[in-house]
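When a ligand or atom number is given, it counts from 1 through the structure's own listing order. Position 1 is the first residue of the sequence; numbering continues from there.
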Amino acid sequence: MNILVIGGAGYIGSCTCKALARRGHSVTVYDNLSTGHRDLVKWGPLFEGDILDYARLCECLREVRPDGIIHFAAFSQVGESVKEPGKYIRNNVGGTLNILEAMRETGVRNIVVSSTAAVYGIPKTMPITEDFELDPINTYGETKMFMERMLADYARAYGLSWTALRYFNAAGADPECETGERHDPETHLIPRALMALDGRLPDFYVMGDDYPTPDGTCIRDYIHILDLASAHIKAVERLIEGGDGEGMAMNLGTGSGLSVKQILDAIESVTGLPMKYGMGPRRAGDPPSLVADASRALRVLGWKPEHSGVEEIIRDAWNWYRHDNA
Ligand code: UDP
């Protein structure tokens with residue numbers, strides 16, 4: 001199949017490109033390289049362009065004629081989204097609108113889009129199913145919720161086929177160290193803890209230990225990017241093969257949560273190095289616990305995580321970190 005990966009120079013996008021190519025699909029990346037990296041585009045040509053550039057998007061779609069699109073291009077930092085909402089709305093909502101319009105204009109019918117657990121806000125019970133109320137507590141989550149609604153609107157009006165994948169906490173790296181996480185600034189727990197382990201982040205701390213959880217630190221559902229990549233492939237293949245035209249959202253997680261402290265303990269045990277860290281205040285906008293019920297993805301896609309044990313996640317993240325910072 002011929003797949004256009006928008007945002008394919010980023011963390012999850014590049015890993016998905018590798019998995020697509022491994023499966024024999026042909027891959028083209030559309031990326032403006034604002035947060036993605038040219039050297040991580042290894043599995044197909046790069047079409048440099050911005051999702052806010054409608055003419056460029058149409059040109060790309062006409063040239064590539066993809067059977068399906070996987071759309072990763074979005075700003076994704078919760079804290080920044082609250083401080084600069086316009087930046088998030090313009091890019092995530094406006095950019096997705098351009099993609100949908102360009103698909104309509106050029107006759108591309110299938111799209112898989114990155115969504116997030118942040119659409120649920122602070123759920124009252126765990127694990128979270130897709131039927132929970134959508135009630136995001138930050139602009140990032142709001143933009144993703146609205147993106148999902150736009151897909152449904154375009155499906156109703158123009159017969160487009162879509163799937164939105166709501167990731168919980170993406171983690172780990174390509175075990176062959178061909179791609180992985182490289183954010184600047186880095187805000188995520190595991191890469192920050194690895195930077196601290198390496199002496200590159202002296203002020204690393206646990207953001208709150210007074211949450212209503214067993215050890216007081218936040219619980220998250222960490223999912224290996226290899227598992228995220230395989231879910232995207234199953235989702236896009238299903239759309240292209242004509243599986244049930246009705247669009248839907250699906251959670252991607254393991255169904256079990258780990259606290260910040262449990263992650264830090266696992267980092268010590270996998271690396272054999274001592275973690276030094278302090279306790280600090282809560283970060284605004286962090287829900288105490290987010291754990292997925294991913295049974296819909298199992299039912300509809302036949303997907304389940306195979307690489308998301310905490311040791312495998314941390315081993316691959318640590319190997320990539322050392323490789324990328326050597
Ligand atoms: N966290 C932390 N210290 C850090 C970065 C994150 O204690 O330096 C915590 C954060 O408060 C949250 C968890 O780690 O409870 C996961 O945060 P991350 O940013 O990795 O993902 P999020 O859940 O926000 O998508």
Quick check: do [X] and [Y] have side-chain heavy atoms less than 4.5 Å from each other?
{"X": "I3", "Y": "I69", "answer": "no"}
{"X": "I263", "Y": "V260", "answer": "no"}
{"X": "F168", "Y": "I128", "answer": "yes"}

Identity and distance of the protein heavy atom lying nearest [atom]:
{"atom": "atom 25 (O) of ligand 1", "answer": "N169 ND2, 3.6 Å"}
{"atom": "atom 11 (O) of ligand 1", "answer": "D286 OD2, 2.6 Å"}
{"atom": "atom 8 (O) of ligand 1", "answer": "R192 NE, 2.7 Å"}
{"atom": "atom 17 (O) of ligand 1", "answer": "R283 NH2, 3.3 Å"}
{"atom": "atom 23 (O) of ligand 1", "answer": "R220 NE, 2.7 Å"}
{"atom": "atom 9 (C) of ligand 1", "answer": "V260 CG2, 3.8 Å"}
{"atom": "atom 3 (N) of ligand 1", "answer": "Y205 O, 2.9 Å"}

Shortest reach to [atom] by a heavy atom, considering only [options]:
{"atom": "atom 20 (O) of ligand 1", "options": "I219, I263, L189", "value": "L189"}
{"atom": "atom 1 (N) of ligand 1", "options": "K261, M207, R282", "value": "M207"}
{"atom": "atom 15 (O) of ligand 1", "options": "S289, S76, C218, G285", "value": "C218"}

- Quick one: do K87 and E80 make a salt bridge, cutoff under 4.0 Å?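 A salt bridge is present here (some side-chain N lies under 4.0 Å from a carboxylate O).
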- Query: Is it true that R62 and E59 make a salt bridge, defined as a side-chain N closer than 4.0 Å to a carboxylate O?
  - Reply: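 E59 and R62: not salt-bridged.
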- Item | OH on Y277 to CG on L264, rounded to 0.5 Å |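 Here the rounded value is 5.0 Å.
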- Item | Rounded distance [0.5 Å steps], OG in S269 versus CE in M275 |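 Taking OG in S269 and CE in M275, the distance rounds to 12.5 Å.
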- For atom CZ of R23, is the number of surrounding heavy atoms from other residues, nucleotides or ligands below 6.0 Å larger than 12?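 No, because the 6.0 Å sphere around CZ of R23 holds 12 heavy atoms or fewer from other groups.
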- Task: Look at atom CZ of F132 and say whether more than 12 heavy atoms of other residues, nucleotides or ligands are closer to it than 6.0 Å.
- Result: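 Enclosed: over 12 neighbouring heavy atoms sit under 6.0 Å from CZ of F132.
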Sub-4.0 Å atoms of ligand 1 with respect to non-hydrogen atoms of [X]:
{"X": "V206", "value": "7 (O)"}
{"X": "T187", "value": "5 (C), 19 (O)"}
{"X": "F204", "value": "3 (N), 4 (C), 8 (O)"}

- Query: Does Y222 reach ligand 1, in the sense of a heavy atom lying below 4.0 Å from it?
  - Reply: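 The answer is yes: ligand 1 sits under 4.0 Å from a heavy atom of Y222.
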- Query: Is the closest heavy-atom distance from V78 to ligand 1 below 4.0 Å?
  - Reply: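 The answer is no, since V78 has no heavy atom less than 4.0 Å from ligand 1.
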- Passing candidate, side chain to side chain donor-acceptor pair (under 3.5 Å) with Y120, options E130, E133, R166: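 Testing Y120 for a side chain to side chain donor-acceptor pair (under 3.5 Å) against E130, E133, R166 leaves exactly one candidate, R166.
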